[in-house]
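One structure is given below, encoded as structure tokens.
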Amino acid sequence: MFAFTPGNVFWPYFAGVLILLIGLFASSKEVSRARGKEKLLILARVFFAVPMAVFASQHFTTTKFVSQLIPSWIPARVFWTYFVGTALLAAALSIVVKKQARLAATLLGTMLILFELVLHIPHIIGHPGDVLMWAVAFRDLAFSGGALAFAATQPERRRAEGQSALVPVARIFVSVPTIFFGVAHFLHPEFLPAVDIDQRTPTWIPAHSLWAYGAGAVFIVLGTTMLLNRKTRLAATYLGLMVLVLLAFVYLPMVIAKPSDIDNSLNYFVSTLAFSGVAFLLASAIPAGNPPEIRHP
């Protein structure tokens with residue numbers, strides 16, 4: 001996709017590791033007090049923010065390539081490339097340290113929705129057979145849902161009487177892409193499981209078709225459960241765990257095998273990590289027992 005230099009290999013890793021370390025430090029007290037799967041729900045914001053930082057760095061290291069993804073009718077494409085990169089990095093930092101986090105997460109979710117309206121939907125209308133663009137559109141929709149779910153958990157939002165108003169939106173934004181990717185795994189079992197269906201699973205990964213079918217079945221069941229708002233917290237937690245399994249057994253070996261191949265290893269790894277974070281963020285936004293989400297006077 002783009003030429004690799006020491007800089008555009010180093011900076012994505014640097015940005016990701018930096019946000020990871022800051023996030024682990026900032027959440028250490030919360031994690032130490034939590035038990036079992038609750039620890040993962042606390043780390044969800046780190047799982048989500050690290051990929052945003054990695055993506056942000058590439059707006060600066062591969063500016064020409066990224067700017068070409070912006071429609072030609074939008075002026076100053078290089079400026080917008082830098083602007084989005086800065087916004088992603090600022091949001092990632094704000095989310096992990098929980099400083100102005102509600103605002104940052106809301107703006108991030110809104111920006112991703114704008115990507116849908118300005119970039120993805122017009123492309124899909126013009127090229128309805130482009131499976132990759134469908135996947136990118138649903139992936140960004142899920143990421144937007146994760147950002148909105150996190151915003152819904154922040155103190156300023158929770159003090160409001162309609163504190164859960166964002167949660168139903170986030171639940172739909174996460175559950176619909178989950179079902180889409182589940183179906184896609186059965187239609188295209190040769191592609192990587194989770195949210196990247198534009199790359200074939202390496203043949204050296206054992207039982208690569210089994211990963212696709214297994215992930216597809218789990219995604220469809222859990223996505224449908226969340227969409228129907230039945231045990232959403234539990235379903236979202238299991239979805240996050242399933243994606244972490246894929247991360248460990250499929251994507252981590254790819255990064256280890258080709259650490260310098262940012263486009264075909266690291267980017268797939270962090271996209272999957274973000275999707276796991278999205279699921280856990282949604283679980284965190286759902287009260288235990290999964291009561292009605294919108295409260296009326």
Side-chain angles (χ1 to χ4, degrees), residues 44-45 47-49 51-56 58-59 66-67 69-71 73-74 76-77 79-95 100-128 130 132-154 156-157 160 162-181 195-196 223 226-227 229 232 236 239 270-271 274-282 284-286 293-294:
R45 70 180 193 268
F47 294 168
F48 182 68
M52 298 304 113
V54 172
F55 295 145
Q58 294 173 58
H59 286 68
V66 176
S67 66
L69 302 177
I70 301 174
W73 56 266
I74 296 180
R77 290 190 290 176
F79 164 78
W80 289 112
T81 300
Y82 288 138
F83 178 85
V84 171
T86 303
L88 287 172
L89 188 58
L93 182 60
S94 179
I95 287 171
Q100 297 296 322
R102 179 178 68 87
L103 176 62
T106 302
L107 291 176
L108 175 58
T110 302
M111 184 174 73
L112 291 168
I113 293 172
L114 289 175
F115 288 175
E116 299 286 341
L117 298 175
V118 176
L119 302 178
H120 304 330
I121 293 177
H123 185 96
I124 289 172
I125 292 174
H127 306 84
D130 189 342
L132 171 59
M133 187 50 64
W134 281 94
V136 172
F138 277 109
R139 183 199 66 186
D140 283 356
L141 185 64
F143 290 174
S144 175
L148 296 178
F150 178 74
T153 65
Q154 297 312 289
E156 300 93 331
R157 175 70 61 178
Q163 59 181 297
S164 302
L166 285 177
V167 176
V169 177
R171 177 172 55 80
I172 294 171
F173 281 11
V174 175
S175 59
V176 172
T178 300
I179 296 170
F180 168 83
F181 288 116
V195 296
D196 292 299
M226 292 187 296
L227 185 61
N229 199 24
T232 303
L239 176 63
V270 295
S271 289
F275 191 55
S276 174
V278 163
F280 288 135
L281 286 172
L282 178 61
S284 299
I286 306 294
E293 292 171 334
I294 301 179

Please answer whether the main-chain N or O of [Y] pairs with a side-chain N or O of [X] as donor and acceptor at a distance below 3.5 Å.
| X | Y | result |
| --- | --- | --- |
| Ser144 | Gly109 | yes |
| Ser67 | Thr81 | no |
| Ser175 | Arg171 | yes |
| Arg77 | Ile70 | yes |
| Glu116 | Leu141 | yes |

### Task
May I have the step-by-step check of side-chain contact (heavy atoms from CB on, under 4.5 Å) for Leu88 and Met111, ending in yes or no?
CA-CA 10 Å; Leu88 287 172; Met111 184 174 73; 3.8 Å; yes

Might you point out which heavy atoms bring [X] and [Y] nearest each other, and give the distance in Å?
| X | Y | result |
| --- | --- | --- |
| Val118 | Pro71 | O-CG, 4.1 Å |
| Met52 | Phe143 | CE-CD1, 4.1 Å |
| Gly145 | Ala170 | O-CB, 3.3 Å |
| Val174 | Ala142 | CG2-O, 4.1 Å |
| Phe47 | Gly277 | CB-CA, 3.7 Å |
| Ala44 | Phe280 | CB-CB, 3.3 Å |

Just so I know, are the side chains of [X] and [Y] near enough to count as touching, which here means a heavy-atom distance under 4.5 Å?
| X | Y | answer |
| --- | --- | --- |
| Ser271 | Arg139 | yes |
| Met133 | His120 | yes |
| Leu239 | Thr178 | yes |
| Arg45 | Phe150 | yes |

When rounded to the nearest 0.5 angstrom, what distance separates [atom1] in [X] from [atom2] in [Y]?
| X | Y | atom1 | atom2 | answer |
| --- | --- | --- | --- | --- |
| Phe79 | Ile74 | CZ | CD1 | 12.0 Å |
| Ile95 | Gln154 | CD1 | CD | 8.5 Å |
| Leu69 | Phe115 | CG | CZ | 10.5 Å |
| Leu108 | Leu148 | CG | CG | 8.5 Å |
| Leu119 | Leu112 | CG | CG | 10.5 Å |
| Ile172 | Leu227 | CD1 | CG | 7.0 Å |

#### Entry: Phe138 and Phe180 aromatic ring geometry - parallel, tilted or perpendicular at 30°/60° bounds
parallel

### Message
With side-chain contact (heavy atoms from CB on, under 4.5 Å) as the criterion, how do Leu89 and Leu93 come out once you've worked through the C-alpha distance, each side chain's angles and the decisive distance to 0.1 Å?
### Response
CA-CA 6 Å; Leu89 188 58; Leu93 182 60; 5.9 Å; no

### Message
Determine whether Phe55 and Val84 satisfy the following criterion, side-chain contact (heavy atoms from CB on, under 4.5 Å), listing intermediate values before the conclusion.
### Response
CA-CA 10 Å; Phe55 295 145; Val84 171; over 6 Å; no

### Message
Let's go through Phe173 and Leu282 carefully: what are the C-alpha distance in whole Å and the side-chain angles of both, what is the deciding distance for side-chain contact (heavy atoms from CB on, under 4.5 Å) to 0.1 Å, and is it a yes or a no?
### Response
CA-CA 10 Å; Phe173 281 11; Leu282 178 61; over 6 Å; no

